[in-house]
Amino acid sequence: QLQASGGGLVQPGGSLRLSCAASGIIFSFHDMGWYRQAPGKQRELVAIISSRGRLNIADSVKGRFTISRDNAKEMVSLQMNSLKIEDTAVYYCNAHWVRNEYWGQGTQVTVSS
């Protein structure tokens, strides 16, 4: 129900845009988010955009990452600029509404020179 895309290999300082297409859910009702998990670490919040457009951005990516949603297209995006080596992780799309929660399959982002 959540299909993420856009990951890849990029040099430090570069940019990537992740997209997540939703299906089978009432997209506009759901808070949409991106989480990431680096090797040997726990999954952590990157950014959330609520159904009303309220943002919650991790301090580690503030000023570099931007989350946005398009309710008509049922998509959420994460624009990642000024990428750092420590941004390397598998990025997961998440949809949450009341007791319903869904995860995408994850997309690998590798920042390396």
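- Across every non-hydrogen atom of M32 and L2, the tightest pair is CE-CD2, 4.1 Å.
- For the pair H96/Y102, no side-chain contact is recorded, criterion being any heavy-atom separation below 4.5 Å from C-beta on.
- At a cut-off of 3.5 Å, with distance as the only test, no side-chain donor of Q3 or S5 sits close to an acceptor on the other residue.
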TODO: Dump the intermediate steps for side chain to side chain contact (heavy atoms under 4.5 Å, CB included) on L55 and I48, then the final yes or no.
DONE: CA-CA 6 Å; L55 303 179; I48 291 176; over 6 Å; no
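- The pair D31-R54 fails the salt-bridge criterion, with no side-chain N (NZ, NE, NH1 or NH2) lying under 4.0 Å from an Asp/Glu carboxylate O.
- Looking at heavy atoms from C-beta onward, L45 lies in side-chain contact with N56 at the 4.5 angstrom threshold.
- In this structure the side chain of M80 reaches within 4.5 angstrom of the side chain of V109, judged on heavy atoms.
- In this structure, CG in N100 is found 9.5 Å from CD in Q1, a value given to the nearest 0.5 Å.
- V111 places none of its side-chain heavy atoms less than 4.5 Å from the side chain of E86.
- M75 places none of its side-chain heavy atoms less than 4.5 Å from the side chain of R69.
- For the pair I57/I67, a side-chain contact is recorded, criterion being any heavy-atom separation below 4.5 Å from C-beta on.
- At distances below 3.5 Å, not a single donor-acceptor pair connects side-chain atoms of E101 with backbone N or O atoms of N94.
- Judged by a 6.0 Å distance limit and a 45° cone about the ring axis, R43 is positioned over the six-membered ring of Y92.
- Checked against the 6.0 Å centroid criterion, the rings of F65 and W34 do not qualify as a close aromatic pair.
- Rounding to the nearest 0.5 Å places OG1 of T88 at 8.5 Å from CG of L83.
- Annotation: side chain of T66 is not in contact with side chain of L78 (no heavy-atom distance under 4.5 Å).
- A salt bridge links D59 with K62; the closest basic N to acidic carboxylate O contact falls under 4.0 Å.
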Identify all side-chain donor-acceptor contacts of residues 6-29 below 3.5 Å with residues at least two apart in sequence or on another chain.
residue : atom : partner : partner atom : Å
S15     : OG   : N81     : OD1          : 2.9
R17     : NH1  : Q79     : OE1          : 3.2

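- Interatomic distance, D70 CG to S77 OG, rounded to the nearest 0.5 Å: 8.0 Å.
- Between V61 and R36 the shortest side-chain heavy-atom distance falls below 4.5 Å.
- Scanning all heavy atoms of the two residues, the minimum distance from V90 to G106 falls at CG1-CA, 3.8 Å.
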